[in-house]
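This report refers to the structure that appears directly beneath it.
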Amino acid sequence: MKLAKQYTPNEFEPTIYAMWEQSGAFQPSGKGDPYSMVMPPPNANGNLHIGHALDMNLKDILARWRRMQGRDVAFIPGADHAGFETWVVYERRLHESGSSRFDFTREQLYSQVWDFVDARRGDMELQLRALGISCSWDDLVFTLDEKVIDTVYDTFKSLWDDGLVYRGERIVNYCTTHQTSFADIEVEHKNEKSKLWNIAYPLLDKRGEIVVATTRPETMLGDTAIAVHPDDERYKDLVGTRVQLPITNREIEIVADEHVDMSFGTGAVKVTPAHDPNDFEIAQRHQLNVINIIDEQGKMTNVPAAFMGLTVLEARKKVVASLQASEDLRGSEDIEHSVGHCYKCGTIIEPLMKDQWFLKLEPLAKEAIVKLKEHAIDFYPSQKVNEIIAYLGQIRDWNISRQIPWGIPIPAFVNVDDPKDWIFDTRVDQETIDVDGTTYKREEDTFDTWFSSGQWPYVVTDYLSKGELSRFFPTDVMETGGDLLRQWVSRMIMLSVYRTGEIPFKTVYFHGMVNDEHNQKMSKSKGNVINPMEMVSEFGSDALRMGIISGRSPSQNQAFNRGAVIAGRNFCNKLWNVSRFAEDLIGGQPEVTKPMPKSLADHWIVRQLNEARAAIDTQLEQFRFSEASDTMYHAIWDDVADWYLEVSKVEKNTEMLAWVLDTSLKLAHPFAPFVTETIWQSLGWHDDATDNLISTTWPVDETYDEIAATEFSRFKNLVTEARFVTAELPGNDKYTLLYMDDALIEDNEGLLRHLVRSVDAVKHVDQGKGLRLASSGRDVWLDISEETLYEHQANLERRLAEVHKSIKALEARLENKSYIDKAPEHLVAESRDKLAAEKEHAERLEHELEVLR
RNA sequence: GGGGAAUUAGCUCAGUUGGCUAGAGCGCACGAUUCACAUUCGUGAGGCCACAGGUUCGAGCCCUGUAUUCCCCACCA
């Protein structure tokens, strides 16, 4: 088939992908050592962003490379119901259509969101296909699939039985806009400027007052104590006495608690147990009352009539005004402190008392830490292991309840007559159940999404049920974003060790964030979001894939580099044209066999491709994607296209050329799967219809003659010098190259003329003249007139100065006794050789200049 | 308050255990070109590797400090 002049990716990509999928190449082969990766499931209802493109691409490179190496590869795709994320989107639609979550039952909402997600799921999957992701679609797992829910319930039951799950009234992080609670790590803390108000509470049992400092005066309506440090001399006498709370006039006690920082504010703290986690703990230690004064809408409740129903901020103003009026305010100061926000809508997180399900993570974390300290998991970059150990070492209980209908219902029921009597039961589709004559009402909350995705590796591989894919657990590589270290990676490790006794993956690789071209974080509000699909349609999938990994190192947030994507596109076109040209030269249908190198260039290209393959292997084993891609790029562009193909124009070896092209396509395939497969298919060299590039084998070491390869390197150096020197000469004349007895030149006359455009003749002489090619170390001259040589004198002098400088440096090094004694022998020898060569070079240059003078 | 990362060419970034002339892509300059590719070819310019000390025969890399930037964590009322 005749190929067009330019590669047009969009024309080929969809058919190539369909072909792969139909061929079954994405499914584990069942042959070879298992190699597995699970996909961090993208949101089922969302679009892929540029970060996904990076993430998926890195995994796909590994999958394709390992598959070609003969491994039994499982790259298992997933789709995430993304409980809260999806719910936010859906609830916005509800509001837009004038309804609200309160108009429907949980079942109704669940099925509505199900349909909503189901209608959009295909988009995400199409985008993964557009990126060429070679995952095993037959094994796709949705986080709401039955097997996921079953496992989640089993795990929950097991944790419950082990006493690691408890339900209790605790302070939770509550978003009053979304009306759900969050885990601690989901809260986004930001430093904000605020005021620290000093409020005087009159003493009841003694004369005087006690002044407390607070950033939240409105919560004083719910104060149930004042706390001071037990060692604080200022307040020692007051501990145990009572004060009167301004505005509400309730009486509260002064307690002593270690938590109080004597040096902060006045050293006295108001205690509002229902709306501050620390105060809650103080309250527990001192058996204080708890008064809820803020409801789930963020409005004041259980407060004097004047404050009822106000928002927190309104109440704050009013309380301050009221205190001012009653002269209980003792001034204020500006302060900057950290305030929790909803990561989705920015609403200030309200700490509220709620009955929720919590997981005691400490015992799980301890076991996980043991595994991590044994280095059971390799981390890239390695310092991340310390970060995760540090996090696990101070882990707190995990609130897994979410007050949203979209998610896996928590399988628990409460005795209608006894709020303390909870039982585990999976009949979550029934509002009430009867157990031994007692009626139980179901829990309406759902699990935090991360509770289910935290079990991903053993769920998708069916490890607990010893399913067909269980040979893939533990998985080989978990490649994900650095921001998920706590949220996902740590939980997968804890839950996996808890349920299976094993680590979930052998290696973790963290990629960094993709920022915009000016290294600014991408965000919808800034309008600087780069859509990967637009890149695919503009430059092609391969171009995006090559561009996005270029110059990227693990865990480093880096700018998106459009230039690198363009370079990727150009590379694909280069490869395309290499193939067009090679096909033309070859003519018929070659049999691609082991390479049988004949010419110097043949031996040399075998060596270059051997070396490239070995380097790519090492680099990918160490997850140095960018370097591996670079190695491949230069092997093909520089060695194959610029040298070997140019040589082929003069002396062609059809079998060799076929092997070179074949090998190039293989080496490039993990990085640029579409263009390589397109070429492979259109060449049709491999008769077997099932023989696709994706399923073919990775190149192996081939034999060549080292001496011949090195001879070609020398020849190459001569060409380079000739080009360089003639480029420096004035004008654009053609020159004759003169040489004395030199077989390398004699045998490759034609090649020399072809490769050095400015040389149109090569002549054997007995006596050289003109300008000597001094650095080649051969007896070679450019036959130029004395006049031209004279004009060139300045260049020669400059070069001579450079060489002298280099000689001086080498001599100084070799005169240093410590260097001779301590540096490795081969380096010293190298320096000596180098010095000798430079001296010879200098001599030749001097000789040239002598003639001119 | 604690921790981490970064600082290398005009831009975006590589640089594995220290090894001698620090690389890539894009951009720039000069030149080439009917005959695979202008998404091309050839050649080149451009770097006190943030700064100051130290260790070493030798430092972009290791150590100490400084500056700047970014990120994460934190129950700072």
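Naming: A, B, ... by sequence-line order, numbering from 1 per chain. Source: prediction; values computed, not measured.
Proximity of A:S553 to the phosphate of B:A14: a side-chain N or O atom is located under 4.0 Å from OP1 or OP2.
For A:Q6, there are no side-chain hydrogen bond (donor to acceptor under 3.5 Å, both in side chains) partners at least two apart in sequence or on another chain. Every residue two or more places apart in sequence or in another chain was checked for a side-chain hydrogen bond (donor to acceptor under 3.5 Å, both in side chains) with A:Y391, and none qualifies.
Side-chain contact of A:Y7 with A:N577: a donor-acceptor pair under 3.5 Å is absent, judged by distance alone.
The OH atom of A:Y391 sits 15 Å away from the P atom of B:C72 (whole-angstrom rounding). Rounded to whole angstrom, the span from the CZ atom of A:R798 across to the C1' atom of B:G44 amounts to 10 Å. Here the C1' atom of nucleotide B:A74 and the CZ atom of A:F264 are 14 Å apart, to the nearest Å. One can place CD of A:Q556 at 14 Å from C1' of B:U8, the figure rounded to the nearest angstrom. For the pair A:F510 CZ and B:G4 P, the interatomic distance rounds to 17 Å; values are reported in whole Å.
In the interface, the side chain of A:Q558 is not paired with the base of B:A14 through any donor and acceptor atom under 3.5 Å apart. The base of B:U16 lies close enough to the side chain of A:R624 for a donor and an acceptor atom to sit less than 3.5 Å apart.
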Q | Dot-bracket encoding of pairs in RNA chain B, which uses [ ] for pseudoknotted crossings and | for another strand, Watson-Crick or G-U under 3.5 angstrom | A | (((((((..((((.....[...)))).(((((.......))))).....(((((..]....))))))))))))....
Atom pairs under 3.5 Å, N or O on each side, protein against nucleotides 58-64 of chain B: can you list them with distances?
none

Q.
At under 4.0 Å between heavy atoms, how does the protein contact nucleotides 24-32 of chain B? Give one character per nucleotide, 5' to 3', with B, S or -.
A. SS-----SS
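Within 4.0 Å of A:T726, counting heavy atoms only, lies no atom of the nucleic acid at all. Using a 4.0 Å heavy-atom distance criterion, A:N386 is classed as making no nucleic acid contact. The residue A:R486 sits close only to the backbone: its heavy atoms come under 4.0 Å of sugar-phosphate atoms, none of a base. Residue-level contact check: A:D261 touches the bases, meaning some heavy atom is under 4.0 Å from a base atom.
The aromatic rings of A:F12 and A:W576 sit tilted relative to each other, their planes meeting at an angle between 30° and 60°.
B:G58 and B:C13: their P atoms are spaced 34 Å apart (whole Å).
Under the salt bridge (Lys or Arg N to Asp or Glu O under 4.0 Å) criterion, the residue pairs touching residues 557-577 of chain A are A:E538-A:R562, with sequence neighbours excluded.
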